[in-house]
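What follows is one structure encoded as structure tokens, with my remarks underneath.
Whatever order the structure lists them in is the order used to number ligands and atoms, beginning at 1. We count residues from 1, following the sequence as given.
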Amino acid sequence: MVEIDPWGQVNIKDYSRLCKEFGIEEFSNVLPFISKPSLYMKRGIIFGHKDFHQITKALKEKKDFVMMTGLMPSGVFHFGHKVVADQIIYYQELGAECFITAADLEAYLTRDIPLEKSREIAINEYLINYITLGLKPKKVHFYFQTNWKKEYNNLSKFISKKTTFNEIKNIYGDTNPAKLVSALTQVADILHPQLKEFGGPRPTIVPVGADQLPHLSFTRDLAARMKSEFNFISPSATFNVLIPGLEGGKMSSSKPESYIALTDSPEIVEKKIKKYAFSGGQATLEEHRKKGGNPDVDVSYQWLRMLFEPDDKKLEKIYNDYKSGKLLTGELKEILIEKVNSFLKDHQKKREKAKKQVNKFLIKD
Ligand code: TRP
């Protein structure tokens with residue numbers, strides 16, 4: 001059994017096994033029914049889902065739907081975080097009403113981050129980057145867990161009545177009261193847009209990383225149990241793979257050698273990729289030319305596939321050239337450096353404009 005501790009280090013090797021064990025559908029099954037699939041969907045970065053058909057149906061019938069997700073404001077905004085940010089914007093562009101929580105309560109309870117610090121990180125790192133990536137203020141509720149409306153606050157408490165210590169233990173393993181409160185709060189995050197005060201029952205899509213799986217199963221079970229009272233529609237969810245860290249391990253805000261931040265300078269980008277990016281190449285040049293490299297484990301190639309090379313033909317050529325030994329590790333890294341830096345040049349310029357828009361997201365509701 002694959003165990004996932006959403007508050008611990010998650011290292012998932014086999015995503016299709018994970019799908020089977022958690023009863024998640026493979027995303028490829030719904031792909032043909034999506035009229036404008038994103039690159040993450042087409043490339044399998046979004047590998048699994050629950051009830052996605054509720055969303056395709058709402059889109060087809062032009063019915064309202066909600067996009068709800070959250071962020072743990074724990075450090076700099078890096079390319080691992082961009083995957084969820086792009087998905088938020090994707091659903092906003094399809095017309096979803098967006099609820100985004102800055103999980104300051106969870107960060108305080110489970111990581112000891114002071115509320116003030118969370119607030120600063122949520123705004124300066126996350127919100128500003130979301131805006132720069134294309135998030136618009138229309139139909140967006142960006143809120144802090146410690147500072148949102150009373151019906152939301154009450155909901156997490158009502159939820160406590162519908163579960164047991166045994167269930168919590170089965171889902172989360174070894175917990176404590178702080179983790180329990182975080183979990184109940186997250187369930188309320190996901191379900192509260194369906195309270196009448198927030199718009200009533202509607203299909204909801206929750207795009208998250210695979211590490212959030214236990215929270216989603218728990219939420220969906222609770223939604224079903226609370227149906228008679230609240231009429232909740234079980235939320236739909238998609239799960240994305242976690243982008244590998246530069247050195248091949250987990251990408252983490254606490255390890256600068258594992259990530260590239262969206263604020264990194266061109267020199268830092270170059271240095272980090274050259275020094276740390278895990279290579280699937282051979283030990284010597286002769287050997288590499290003869291045997292070829294392994295793009296499936298090479299992090300530079302994986303980053304191109306997951307984040308930086310939208311053109312399938314170009315990507316395929318890089319894959320084949322690297323595998324045959326024609327393309328060297330150093331050359332592959334250069335391709336990635338070029339791509340990252342040209343993205344960041346544009347992004348960092350736009351970021352200055354985005355800063356001026358922050359207030360449109362904070363002063364309302
Ligand atoms: N637990 C999430 C994380 O660690 C943050 C989060 C809080 C969240 N509430 C949420 C994610 C609701 C999705 C939906 O990143």
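Counting the atoms of ligand 1 from 1 in the order shown, those under 4.0 Å from a heavy atom of V208 are 13 (C). Near T101, the atoms of ligand 1 lying under 4.0 angstrom from a non-hydrogen atom of the residue are 7 (C), 9 (N), 10 (C). Residue-ligand proximity, A103 to ligand 1, at heavy-atom distances under 4.0 Å covers atoms 7 (C).
In this structure, E151 does not pair ionically with K149, as no charged nitrogen and carboxylate oxygen lie closer than 4.0 Å.
Annotation: atom 11 (C) of ligand 1 to nearest protein heavy atom, G70 N, 3.3 Å. Of the protein's non-hydrogen atoms, the one nearest atom 9 (N) of ligand 1 is D189 OD2, 2.8 Å. Closest to atom 6 (C) of ligand 1, if we only count protein heavy atoms, is Q186 OE1, 3.6 Å. Annotation: atom 5 (C) of ligand 1 to nearest protein heavy atom, E106 OE1, 3.5 Å.
Nearest heavy atoms, Y319 versus P295: CE1-CG, 3.3 Å.
A distance below 6.0 Å separates the ring centres of Y152 and Y143. You'll find the ring centres of H192 and F99 inside the 6.0 Å limit.
Using a 30° and 60° split on the angle between ring planes, Y126 and Y130 fall in the perpendicular class, above 60°.
Contacts between I190 and ligand 1, counted as non-hydrogen atom pairs separated by less than 4.0 Å, involve the side chain only.
Within the cation-pi definition used here (under 6.0 Å to the ring centroid, within 45° of the axis), K272 qualifies as a partner of Y259.
Residue T69 has no N or O atom closer than 3.5 Å to an N or O atom of ligand 1. At under 3.5 Å, a nitrogen or oxygen of Q212, whether backbone or side chain, sits near a nitrogen or oxygen of ligand 1.
When the shell of 6.0 Å around CG of D174 is examined, it contains 12 or fewer heavy atoms from other residues, nucleotides or ligands.
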